[in-house]
Amino acid sequence: MIEPPPLLGDPSQLTLRISYDDMLWDTPQSDTQECWNVAIHHRRRTHDRDQALADHDGCVAPDCTSCKVEDTVVGTMTFYRVHLDRGRNAFRAMEEESEDLFETAQVLLDPETGFFTEEVSERLEYVGSALLVMDRVTLQPSWRRYGLAAGQPSRLPVTQVLAKLLTMAPL
């Protein structure tokens, strides 16, 4: 088996920047769907003398004045929060937004009501009136194959992103 090359940096230095862009504001689904974007940044320290990368603790002195901190985007995530109880029929709104969202709607929602199907409602405990769909996760090729997006809590805290998005309100 071929071993992947070592990671370009410490996964504990990955940070997430969550932003809400009301790009659906002028569409019929504006009250029903919200699009949330998450940028995955890697914080690294660069030593000015030779521009060599240093680990978070790479310098002898933690507050070395010859080091600068840089955030580099290493990936993105896109989520849709779909409100089942406001605006238009959530099933129809998801159908019109994208094929991927439509496939999710077909599994979870009743096309006539836009709410969870009876089968889904029976299997879930009360989850409120919103559905959070992870639409896309993209990592730069050099950060792939390490299980960063596989739900390993010590790597990329995707579950923390989900929890945060569920409690955030749009601006």
Side-chain angles (χ1 to χ4, degrees), residues 7 9-44 56 69 71-171:
L7 269 170
D10 181 358
S12 70
Q13 296 301 307
L14 293 173
T15 58
L16 305 173
R17 294 202 180 133
I18 301 169
S19 63
Y20 170 71
D21 182 7
D22 195 6
M23 61 187 198
L24 302 173
W25 72 272
D26 63 346
T27 67
Q29 45 268 40
S30 64
D31 288 339
T32 309
Q33 293 178 165
E34 300 168 10
C35 182
W36 292 80
N37 296 299
V38 179
I40 306 164
H41 290 257
H42 180 252
R43 178 158 287 169
R44 65 183 186 174
H56 183 64
V69 176
D71 282 344
T72 305
V73 176
V74 298
T76 61
M77 295 184 274
T78 303
F79 296 86
Y80 283 90
R81 185 161 62 171
V82 182
H83 297 277
L84 305 179
D85 63 346
R86 57 183 216 212
R88 52 190 302 238
N89 179 311
F91 183 94
R92 300 292 173 223
M94 292 173 73
E95 176 182 30
E96 290 176 15
E97 187 62 34
S98 76
E99 183 66 31
D100 291 335
L101 287 177
F102 178 51
E103 289 176 9
T104 301
Q106 289 177 310
V107 173
L108 300 174
L109 304 180
D110 180 293
E112 298 302 316
T113 65
F115 287 94
F116 291 118
T117 64
E118 191 172 314
E119 180 184 351
V120 171
S121 293
E122 289 172 2
R123 300 181 105 191
L124 295 176
E125 292 185 29
Y126 178 75
V127 293
S129 60
L131 173 66
L132 185 66
V133 179
M134 180 187 284
D135 187 51
R136 181 175 308 263
V137 177
T138 305
L139 287 172
Q140 288 182 353
S142 57
W143 283 84
R144 295 179 190 163
R145 299 176 300 161
Y146 298 101
L148 294 173
Q152 297 177 6
S154 63
R155 300 277 178 123
L156 184 61
V158 172
T159 54
Q160 292 177 9
V161 173
L162 298 176
K164 184 72 172 171
L165 287 175
L166 286 172
T167 60
M168 293 179 81
L171 301 173

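All residue numbers in this chain count up from 1 along the given sequence.
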Kindly give the heavy-atom pair with the smallest separation between [X] and [Y], and that separation in Å.
X: Cys35; Y: Tyr20; answer: O-CD1, 3.5 Å
X: Ala90; Y: Thr32; answer: CA-CG2, 3.8 Å
X: Gly114; Y: Leu84; answer: O-CD2, 3.5 Å

Contact between [X] and [Y] at the side-chain level, heavy atoms closer than 4.5 Å - yes or no?
X: Asp135; Y: Thr104; result: no
X: Trp36; Y: Thr78; result: no
X: Arg92; Y: Glu112; result: yes

Close aromatic pair by centroid cut-off 6.0 Å: Phe91 and Phe102:
yes
Check against side chain to side chain contact (heavy atoms under 4.5 Å, CB included), Ile40 and Met77
CA-CA 8 Å; Ile40 306 164; Met77 295 184 274; 4.1 Å; yes
Glu34/Arg86 salt bridge by N-O under 4.0 Å criterion
yes
At what distance, to the nearest 0.5 angstrom, does [atom1] of [X] lie from [atom2] of [Y]?
X: Thr117; Y: Arg123; atom1: OG1; atom2: CZ; value: 9.5 Å
X: Asn89; Y: Met94; atom1: CG; atom2: CE; value: 10.5 Å
X: His42; Y: Leu14; atom1: NE2; atom2: CG; value: 5.5 Å
X: Phe115; Y: Leu108; atom1: CZ; atom2: CG; value: 14.0 Å
X: Gln33; Y: Arg88; atom1: CD; atom2: CZ; value: 8.5 Å
X: His41; Y: Thr72; atom1: NE2; atom2: OG1; value: 9.0 Å

Sole residue of Val133, Val137, Val38 in side-chain contact (heavy atoms from CB on, under 4.5 Å) with Phe79:
Val38
